[in-house]
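Presented below is the structure to which this report refers.
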Amino acid sequence: MLPDVELAEPVDALVGRLILMHLADSVTVVKELTRCVRPGGLVTFQEINISRARAIPDVPLVTTCREWICAAQREAGSNPDMGEQLAQVLWSAGLARPEVAVAVSTGGADSPAVSLIAETVRSLLPLIERGGAADARTEDIDTLRGRLLARVRAGAGDRLPVGAGRRVGAARVVRGVRRMPSAGPTHRRPEYEAGPAHR
Ligand SMILES: C[S@@+](CC[C@H](N)C(=O)[O-])C[C@H]1O[C@@H](n2cnc3c(N)ncnc32)[C@H](O)[C@@H]1O
């Protein structure tokens, strides 16, 4: 289980996708795992912003599904908006000058987006209901995809954007290394530049 990772020698890069959102203390995990990365190595994570997902123009059923998915994530102890917090997490973990790029997937009725929404709701239904979303209890999950498709098509045709923002954050481990006396000559621990939160 993260962050308990033991490595014999430092690695070139620490890469994660859709993992920080599930961790109770993402800052500590990044901080601990960054110690396994060599100086000059890369630390990069991709995380999502679910609460920003929407149809343009608005399709209320898409918005309702988004709220259910966010409620399920919170019920499970996950953070549906880790994407927008990614820079802060990297910064708070002591990484200097983290850079974050944002990508928003778009796609209309013919894209996988509608199926993704419907199937995500299907798989999370027990959590959605446990989270208290009363309206989800009466949802006919088998017809959800068809209704979403019809409403997306009615709203804006095939080129309707439906997307949740993904953020990719990256930072390099800087400065030299300090030998760890107990770990032998090959095990080095990087000293990384502290952000303001650590000064
Ligand atoms: C949304 S999936 C992402 C999987 C994969 N990284 C990807 O992008 O396809 C989240 C993953 O995080 C794992 N996970 C959640 N909490 C964890 C923890 N404390 N330690 C290790 N893995 C964890 C889950 O088992 C699951 O495989």
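Numbering of ligands and ligand atoms starts at 1, following listing order. As a basis for the values below, the full set of heavy atoms in this structure was taken, side chains included, without hydrogen atoms, waters or symmetry mates.
Judged as a salt bridge (charged side-chain N to carboxylate O under 4.0 Å, His left out), the pairs with a partner in residues 55-78 (not counting sequence neighbours) are, in order, E75-R130.
By the side-chain hydrogen bond (donor to acceptor under 3.5 Å, both in side chains) test, S115 is found to be paired with R145, residues two or more places apart in sequence or in another chain being considered. Among residues two or more places apart in sequence or in another chain, the side-chain contact (heavy atoms from CB on, under 4.5 Å) test is passed with V29 by L2, P3, L23, L33.
Side-chain contact, N79 with Q85: a donor N or O sits under 3.5 Å from an acceptor N or O.
Listed by chain and number, residues touching ligand 1 at under 4.0 Å (heavy atoms only) are M1, L2, R17, L18, I19, H22, L23.
Follow the hydrophobic side-chain contacts under 4.5 Å out from L20 and you reach V27 in the same cluster.
Between R147 and D140 no salt bridge is recorded (no basic side-chain N to carboxylate O distance below 4.0 Å).
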